[in-house]
Amino acid sequence: MPTSLIFGASGGIGRALVQRLTGDGWTVGVVSRHPHDLANLTAFRYEADVADAFAVQQAVYAAAQELPPVDLWIYAVGDILSSPVAEMTPDAWQRILTANLSGAYLATHYSLPLLAERAHLMYIGAYSEKLRLPGLTAYAAAKSGLEAFAVAFAKEQRKLRVTVVRPGAVDTPLWSKMPARLPKNAMTPAALAEKIIEAYAAGTDGMFDV
Ligand SMILES: NC(=O)c1ccc[n+]([C@@H]2O[C@H](COP(=O)([O-])OP(=O)(O)OC[C@H]3O[C@@H](n4cnc5c(N)ncnc54)[C@H](OP(=O)(O)O)[C@@H]3O)[C@@H](O)[C@H]2O)c1
């Protein structure tokens, strides 16, 4: 069975992925700010806040001691804030850019040595062009940046497969940070996890709009 490493594994989408993959018999490593939450799902748990480069490095080194080479690597960390630029503090801006963009770089940078030769990396992005809305400057900029990062990174690492998964609305705790209501047609995290695993099996790369 293949091996996966999931960052942001305690989140709505991350946890659904862990549940699905462990249920299918995969070996799954998880990175989270509170990995004990996942104790009933996997023994391979590592703690890191992606704002802390050293913590990410240590978490990945610990994973490298215990896990086989990683076939499917997923970055499901994310954070959102609705705030006009006039009111947004530098700390708030940095929090959103870190979770959605800089953390993706850090996690990728430190994870490269533990990947299988033809590993598949998936970043949970969003329909970035539809996010260019008042209040969402930080989130929209970060998700657009994540796409640019992934496209350029894929050209550096031709043996790896790189995908930006761009879901529509998914019913997760992220929505509690938004002034808008969750749309009625929102996906469940489990349904998105299913699509992601299908995309892995099909070898889908580039932008994957779900
Ligand atoms: N839900 C949607 O409708 C939707 C749509 C499109 C894209 N997305 C994207 O999907 C991804 C997953 O989101 P979700 O819906 O599953 O949201 P979620 O339930 O809020 O999960 C986000 C996860 O990111 C973690 N996180 C945030 N900042 C972090 C940091 N500095 N260090 C480490 N972990 C951090 C959170 O950790 P804690 O548990 O410690 O807070 C949480 O586990 C995000 O990138 C989001 O932008 C979501």
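Read the numbers this way: they start at 1 and go in the same order the structure lists the ligands and their atoms.
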N-O pairing of Arg20 and Asp24 below 4.0 Å: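 Counted as a salt bridge, because a side-chain N and a carboxylate O are separated by less than 4.0 Å.
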Check ion pair Arg45-Asp37 (N to O, under 4.0 angstrom):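 Looking at Arg45 and Asp37, the cut-off is not met.
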Looking only at N/O atoms, are [X] and ligand 1 under 3.5 Å apart anywhere?
X: Pro167; result: no
X: Ala169; result: no
X: Gly12; result: yes
X: Gly14; result: no
X: Thr98; result: no
X: Arg33; result: yes

Neighbour count >12 (heavy atoms, 6.0 Å) for atom OH, Tyr127: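 More than 12 within 6.0 Å, yes.
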Flag side-chain contact, heavy atom, 4.5 Å: [X] against [Y]:
X: Arg161; Y: Met122; result: no
X: Val60; Y: Val31; result: no
X: Trp175; Y: Ile80; result: no
X: Ser128; Y: Arg166; result: yes
X: Tyr75; Y: Leu121; result: no
X: Val210; Y: Phe208; result: yes
X: Arg132; Y: Lys130; result: no

Can you tell which of [options] gets a heavy atom nearest to [atom]?
atom: atom 26 (N) of ligand 1; options: Asp52, Val77, Thr172, Val50; result: Val77
atom: atom 7 (C) of ligand 1; options: Gly78, Gly125, Gly8; result: Gly125
atom: atom 48 (C) of ligand 1; options: Leu174, Val165, Asp171; result: Leu174

Within a distance under 4.0 Å of any heavy atom of [X], pick out the atoms of ligand 1 and give their elements.
X: Ala99; result: 28 (N)
X: Gly168; result: 3 (O), 5 (C), 6 (C)
X: Ala48; result: 33 (C)
X: Ala76; result: 11 (C), 12 (C)
X: Lys143; result: 44 (C), 45 (O), 46 (C), 47 (O)
X: Ile124; result: 9 (C), 10 (O), 11 (C), 45 (O)

Interatomic spacing from CH2 in Trp93 to OG1 in Thr137 - rounded to 0.5 Å: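 That separation rounds to 5.5 Å.
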Proximity to ligand 1 by part of His34, non-hydrogen separation under 4.0 Å: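 Only the side chain of His34 comes within reach of ligand 1.
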Per-residue contact class, Tyr127 against ligand 1 - non-hydrogen pairs under 4.0 Å: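 Within the 4.0 Å criterion, Tyr127 makes no contact with ligand 1.
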Donor on one side chain, acceptor on other, Thr108 and Tyr123, under 3.5 Å: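 Result is yes, a qualifying pair exists.
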Donor-acceptor side-chain pairing of Glu66 and Tyr46 below 3.5 angstrom: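 Yes, because at least one side-chain N or O of Glu66 sits under 3.5 Å from a partner of the opposite role on Tyr46.
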Provide, to 0.1 Å, the distance between [atom] and the closest protein heavy atom, together with that atom's residue and name.
atom: atom 42 (C) of ligand 1; answer: Gly11 CA, 3.8 Å
atom: atom 31 (N) of ligand 1; answer: Asp49 OD1, 2.8 Å
atom: atom 46 (C) of ligand 1; answer: Tyr139 OH, 3.6 Å
atom: atom 13 (O) of ligand 1; answer: Ile13 CD1, 4.1 Å

4.0 Å heavy-atom contact, Phe7 with ligand 1: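 No; Phe7 lies far enough from ligand 1 that no heavy-atom distance drops under 4.0 Å.
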